[in-house]
Novice: 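One structure coming up, written as structure tokens, with questions to follow.
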Amino acid sequence: MANDVWGYQANSGHQAGTDLAGYKVEATDGHIGKVDKHSEDVDAQYIVVDTGPWIFGKHVLLPAGTITSVDTANQTVQVGRTKDEIKNSPEFDKDQHTGDADYHQQVGTYYDNGTRGV
């Protein structure tokens with residue numbers, strides 16, 4: 001189910017309580033932005049990435065399950081998705097979608113199922 005994507009992978013290196021804001025975010029094929037915000041809420045862990053000029057200054061919400069590694073020494077987060085997979089994710093409005101359960105379901109389904117065949 002899509003809920004599995006809302007928790008950090010056991011081998012990601014994420015340590016509870018670590019503030020990821022400002023960390024660089026790298027997709028499998030290059031840099032995508034910086035962490036603007038993150039959540040450690042149970043069953044709703046995610047990062048919000050400010051993509052800057054990469055996709056015209058948008059923010060994207062990435063469930064914690066997409067994170068493959070957190071490097072605290074270099075302040076870098078690696079995600080196991082391509083730039084195109086992230087660029088094509090459901091549109092995110094941080095003022096509207098952060099706590100929206102329906103939006104989280106849509107994003108969870110996209111990252112849990114939808115991107116594997118892209």
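If you read the sequence from its start, that first residue is 1, and numbering goes on from there. Since the model is a prediction, treat every value here as computed from it, not as a measurement.
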Novice: Any chance you could measure Lys24, atom NZ, to Thr76, atom OG1, to the nearest 0.5 Å?
Specialist: 4.0 Å
Novice: Between Asp102 and Gln105, is there a side-chain heavy-atom distance shorter than 4.5 Å?
Specialist: no
Novice: Heavy atoms, side chains only, cut-off 4.5 Å: are Trp6 and His104 in contact?
Specialist: yes
Novice: Would you check, one step at a time, whether the test side chain to side chain contact (heavy atoms under 4.5 Å, CB included) holds for Phe92 with Lys58?
Specialist: CA-CA 8 Å; Phe92 177 68; Lys58 291 188 179 182; over 6 Å; no
Novice: Indicate yes or no for a side-chain donor-acceptor contact from Asp41 to the backbone of Ala44 under 3.5 Å, with no hydrogens or angles considered.
Specialist: no
Novice: With a 4.5 Å cut-off on side-chain heavy atoms, are Pro90 and Gln106 touching?
Specialist: yes
Novice: Evaluate the side-chain proximity of Asp36 to Val49: yes if any heavy-atom separation is below 4.5 Å, no if none is.
Specialist: no
Novice: Is it the case that the side chain of Tyr46 and the backbone of Lys37 share a donor-acceptor pair, with hydrogens and angles ignored and the cut-off at 3.5 Å?
Specialist: no
Novice: Please give me the minimum heavy-atom distance between Tyr103 and His97, naming the atom from each residue.
Specialist: CD2-CB, 3.4 Å
Novice: Let me know which of Val60, Val107, Asp84, Leu61 forms a side-chain contact (heavy atoms from CB on, under 4.5 Å) with Ser89.
Specialist: Val60
Novice: With a 3.5 Å cut-off and sequence neighbours excluded, list the donor-acceptor pairs that the side chains of residues 62-70 form with protein atoms.
Specialist:
{"residue": "Thr66", "atom": "OG1", "partner": "Pro63", "partner atom": "O", "Å": "2.7"}
{"residue": "Thr68", "atom": "OG1", "partner": "Gln78", "partner atom": "O", "Å": "3.3"}

Novice: Can you find a heavy atom in the side chain of Asn74 that is under 4.5 Å from one in the side chain of Tyr23?
Specialist: no
Novice: For residues 26-35, which residue pairs pass the side-chain hydrogen bond (donor to acceptor under 3.5 Å, both in side chains) check, not counting sequence neighbours?
Specialist: Glu26-His31
Novice: If you measure from NZ on Lys83 to CD1 on Ile86, what distance do you get to the nearest 0.5 Å?
Specialist: 9.5 Å
Novice: So, using side chain to side chain donor-acceptor pair (under 3.5 Å) as the criterion, who are the partners of Glu40 when residues are at least two apart?
Specialist: His14
Novice: Is it true that a side-chain atom of Gln75 and a backbone atom of Thr72 form a donor plus acceptor pair closer than 3.5 Å?
Specialist: no
Novice: Closest approach of Glu85 and Thr82, non-hydrogen atoms and distance?
Specialist: OE1-N, 2.8 Å
Novice: So, Asp112 side chain and Gly108 main chain: donor-acceptor pair closer than 3.5 Å or not?
Specialist: no
